[in-house]
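We count ligands from 1, going down the list as the structure has it; atoms in each ligand are counted the same way.
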Amino acid sequence: FSQIGSESGWRAAETSVTKAEAEARGIDLKFADAQQKQENQIKAIRSYIAQKVDVIAFAPVVTTGWDTVLKEAKAAKIPVILTDRSIETSDPSLYVTMIGSDFTEEGRKAGRWLLDNVKGGTVNIVELQGTVGSAPAIERKKGFEEVIAGKAEYKVIRSQTGDFTRAKGKEVMEAFLKADGNKINVLYAHNDDMAIGAIQAIEEAGMKPGTDVKVISVDAVKGAFEAMIAGKMNVSVECNPQLGPQLMEIAKEVVAGKPQPKRINTKESV
Ligand code: AHR
């Protein structure tokens, strides 16, 4: 299993659930942390091919640039399962199935919460995007924009990547606050870690997160629940990191030759 890295609480949860599940089922799991670099994931996949593993699973950091290495896996007759994030490919036969969330729907849920709960006059929104070129950043942005499209009072006044990390979320929010300060009514962060970093920036700027600036986020990790209880975050859309059990189940079925649907969505709420 080639994991993206450990950029967020969500990622840490996904890693530990996957490892625990493999152990519980007696599956020999070779695990590599790519430190958020595609080149490291490609290296890991090549090493799994060389080791002649039964199944390769990976969470692709970005959507593009996988075809060459996946062709190598196909030539070696090793099935590939995508977890968490999707890819863009000219040949969908290069992977068996993709297990993960509907990120566009998560973005829509965030947008619907906004329309239902923040009303009256102009609503200025700043957006913290996830890793550039990653499926969750592209799709959470798209789903949110779909819902607010045509609603002139809702304006995204700034949108920049915070790379899904707490430190970057804080840094970018500081820049947003410097530029627009009191104009900002809402923060939409593509994940909780960035939102939590941004909450610190809002407090340091002398404003109240959750009140002066409504905070909408995605993941629903423990830190987000703590922030919601403290009144500093208003909502977190669930993104379920517990993909390990399904991954191990499907890996066994794939090895046994059982056909799989091309896409397996996880069930999620708000
Ligand atoms: O791909 C899922 C996203 O990746 C999570 O929302 C984010 O926290 C993680 O880093």
Side-chain angles (χ1 to χ4, degrees), residues 1-18 32-38 40-41 57-64 66 81-88 95 97-111 113 127-144 160-170 172-173 187-199 215-228 233 235-244 246-247 263-270:
F1 177 51
S2 161
Q3 177 60 292
I4 292 173
S6 51
E7 73 283 3
S8 63
W10 188 99
R11 188 69 50 201
E14 195 207 14
T15 293
S16 66
V17 171
T18 303
D33 177 332
Q35 301 184 344
Q36 278 177 283
K37 291 200 176 76
Q38 182 175 33
N40 290 342
Q41 290 203 284
F58 78 110
V61 60
V62 291
T63 52
T64 56
W66 301 104
I81 300 174
L82 306 181
T83 63
D84 165 32
R85 298 184 181 179
S86 57
I87 58 166
E88 277 174 39
Y95 67 92
T97 185
M98 188 256 156
I99 309 165
S101 307
D102 182 343
F103 296 134
T104 310
E105 185 54 22
E106 290 172 353
R108 288 190 201 108
K109 286 175 182 166
W113 187 92
E127 179 182 31
L128 282 171
Q129 297 180 37
T131 302
V132 176
S134 69
I138 296 165
E139 293 164 18
R140 286 175 186 160
K141 182 172 180 52
K142 183 173 154 240
F144 185 80
Q160 212 176 298
T161 181
D163 208 13
F164 281 132
T165 69
R166 218 172 259 222
K168 255 304 184 72
K170 179 165 190 257
V172 177
M173 190 68 200
L187 162 68
Y188 168 43
H190 289 188
N191 85 342
D192 289 336
D193 284 76
M194 292 191 294
I196 291 165
I199 285 172
V215 179
I216 302 173
S217 179
V218 185
D219 275 356
V221 297
K222 189 180 178 197
F225 281 92
E226 287 165 354
M228 286 189 278
M233 187 185 283
V235 64
S236 188
V237 174
E238 182 189 9
C239 181
N240 191 346
Q242 312 224 22
L243 305 175
Q246 255 175 320
L247 170 61
R263 168 98 209 199
I264 301 168
N265 277 337
T266 31
K267 280 197 191 141
E268 290 164 346
S269 177
V270 174

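Here the shortest heavy-atom pairing between R85 and S134 reads NH1-CB, 3.4 Å.
Each of E7, S8, W10, R11, D84, R85, F103, P136, R140, F164, N191, D219 has a non-hydrogen atom positioned under 4.0 Å from some atom of ligand 1.
Here R166 pairs with D193 in a salt bridge; the nearest charged N to carboxylate O distance falls below 4.0 Å. The existence of a salt bridge linking R11 and D84 is confirmed by a sub-4.0 Å separation between a basic side-chain nitrogen and an acidic carboxylate oxygen.
Here the side chain of T63 pairs no donor or acceptor atom with the backbone of I87 at under 3.5 angstrom.
Partners of T104 under the side chain to side chain contact (heavy atoms under 4.5 Å, CB included) rule, at least two apart in sequence or in another chain, are D102, R108, E139, K142, E146.
Side-chain contact, E14 with Q3: a donor N or O sits under 3.5 Å from an acceptor N or O.
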